[in-house]
Amino acid sequence: MTDIERTRPARLVVLISGRGRNLEAIMRAIDAGELDAEIVLVASNKPNARGLQTARLAGLPTVAISPREFADRESYDAALARRIAADNPDWVVLAGFMRVLSDSFVERFAGRIVNIHPSLLPKYKGLHTHDRALDAGDRDHGASVHFVTPTLDDGPVIRQGRITIRDGDTADTLADRIMDRIEQRLYAAALDDLISGRVVWRDDGVYRDGQRQSTPLIVDYDEDAPSP
Ligand code: GRF
C-alpha cells in the first residue's frame with residue numbers, strides 16, 4: 001500500500017495542535033540531513049498553536065483551519081483534506097494533532113497517514129496513557145509511531161521506543177521523559193523507515209527489510225541503554 005517510487009525528497013504535511021516538539025524534532029532531522037524530506041505545509045486546528053509560530057519562524061508554509069468555521073466534523077475534515085491534498089503530500093504526519101479524523105479523511109490518504117502516540121501500542125489507546133501505565137503497575141512504557149486507520153490509535157505500528165518506569169515516576173515525569181528521550185528521535189526514525197522504503201505496509205501486514213513483522217521494532221531509550 002505504501003510502495004512509493006521517489007526521486008525527490010518526500011513531501012510531508014505535518015498536522016499539529018499544540019507545542020510542536022515532534023514537529024521541531026522532524027525539522028531538525030531534515031536540517032541535519034538525516035531525513036530525505038521537506039515539510040511542504042504545517043497545518044493546525046488551533047490558530048494559536050505554538051508549533052505554528054515555530055514553523056513560521058523557520059519559514060515553513062502554515063495554515064490554521066478552525067473547526068469553529070464549519071458546521072460539522074465531515075465538512076471540517078473535507079476542507080482540511082482539500083487543503084492538504086493541494087500540496088500533494090507523500091505523507092500526512094500527525095504530530096500532536098488532537099482531533100479524531102473521520103473515515104473519509106483517512107480513506108482519502110489511505111496508507112499515507114502516520115501518528116505518534118505516547119504508549120506502547122496496543123496498550124493504552126486514547127488519552128491519559130501515562131496515568132494508565134502507572135495505575136496498571138507497568139514496568140515499562142513508551143511511544144509508538146503507527147499508520148492511521150479509521151479506528152483510533154489502532155493502525156499497524158511502524159516502530160516503538162521504550163523506557164523503564166522508575167520508582168516515584170508520575171504522569172508528568174513520564175510524559176517529560178518520553179518526550180525527551182523517545183519522541184525527540186522516534187518520529188524521524190519512523191519516517192526514515194518509510195521514506196527509505198525499509199518499511200512497507202502491505203495487505204497482509206507491515207514489512208521491514210522484506211520480512212513481515214509479527215511484532216514491531218522496539219528500541220530502548222533509557223539513559224543507560226546503548227545509543228539507538
Ligand atoms: C506528544 O506527546 C504526542 O505523543 C502526542 O501529543 C504530544 C504532542 O506534543 N500525540 P508536541 O505538540 O509534539 O509538543
Side-chain angles (χ1 to χ4, degrees), residues 12-31 35 37 39 41-58 60 62-66 80 91-101 105-106 113-134 138 140-163 165 169-191 193-194 216-219 221 228:
L12 310 182
V13 169
V14 183
L15 269 54
I16 62 165
S17 298
R19 287 174 62 174
R21 289 161 296 175
N22 276 289
L23 164 68
E24 284 180 56
I26 294 167
M27 288 163 57
R28 271 200 307 276
I30 292 173
D31 287 347
L35 200 54
I39 296 173
L41 180 68
V42 177
S44 180
N45 58 322
K46 302 262 189 200
N48 296 326
R50 203 200 297 178
L52 278 182
Q53 203 178 340
T54 309
R56 275 188 218 112
L57 286 171
L60 295 175
T62 63
V63 65
I65 307 179
S66 170
L80 182 65
W91 298 100
V92 177
V93 178
L94 309 184
F97 186 65
M98 301 305 284
R99 277 179 67 85
V100 177
L101 293 163
F105 183 101
V106 174
I113 313 175
V114 289
N115 181 42
I116 189 161
H117 181 75
S119 80
L120 293 170
L121 290 171
K123 281 183 163 183
Y124 315 130
K125 298 171 183 177
L127 298 174
H128 310 301
T129 58
H130 312 308
D131 285 310
R132 289 155 69 195
L134 288 170
D138 288 358
D140 42 36
H141 188 36
S144 309
V145 176
H146 65 96
F147 291 103
V148 171
T149 60
T151 307
L152 183 70
D153 299 330
D154 191 59
V157 170
I158 297 159
R159 65 160 64 211
Q160 299 181 310
R162 176 172 57 195
I163 54 169
I165 294 181
D169 259 332
T170 64
D172 286 345
T173 61
L174 270 179
D176 287 348
R177 211 153 76 250
I178 286 174
M179 177 55 72
D180 291 347
R181 296 293 307 169
I182 303 178
E183 296 193 56
Q184 290 297 305
R185 288 178 279 175
L186 187 71
Y187 224 151
L191 287 168
D193 285 338
L194 300 172
L217 176 67
I218 302 188
V219 177
Y221 283 89

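Counting starts at 1 for both ligands and their atoms, following the listed order.
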Q) Taking both backbone and side-chain atoms of Asn115, is any N or O found less than 3.5 Å from an N or O belonging to ligand 1? A) no

Q. Are Pro118 and ligand 1 in contact, using a heavy-atom cut-off of under 4.0 Å?
A. yes

Q. Counting heavy atoms only, which of Gly20, Gly96, Ser144 is nearest atom 12 (O) of ligand 1?
A. Gly20

(Q) What I want to find out is whether Arg132 reaches Asp138 closely enough, with some N-O distance under 4.0 Å, to be called a salt bridge. (A) no

Q: Could you tell me whether the side chains of His146 and His117 share a donor-acceptor contact shorter than 3.5 Å?
A: no

Q. Any donor and acceptor pair, going by atom type alone, linking the side chain of Ser44 with main-chain N or O of Pro47 inside 3.5 Å?
A. no

Q.
Are any of the N/O atoms on Ile116, whether in the backbone or the side chain, positioned under 3.5 angstrom from an N/O atom of ligand 1?
A. yes

Q.
Could you identify the single nearest non-hydrogen protein atom to atom 3 (C) of ligand 1 and state the distance to 0.1 Å?
A. Glu183 OE1, 3.2 Å

Q | Polar proximity ligand 1 side, Asn22 side, N/O cut 3.5 Å exclusive | A | yes

Q | CG-CD1 distance between Asn22 and Ile16, expressed to the nearest 0.5 angstrom | A | 10.5 Å

Q.
Tell me the protein heavy atom at minimum distance from atom 9 (O) of ligand 1, and give that distance in Å.
A. Arg21 NH2, 3.5 Å

Q | Over all atoms of both residues, closest heavy-atom pair of Val42 and Leu52 | A | O-CD2, 3.9 Å

Q | Sub-4.5 Å side-chain heavy-atom contact between Arg21 and Gln184 | A | yes

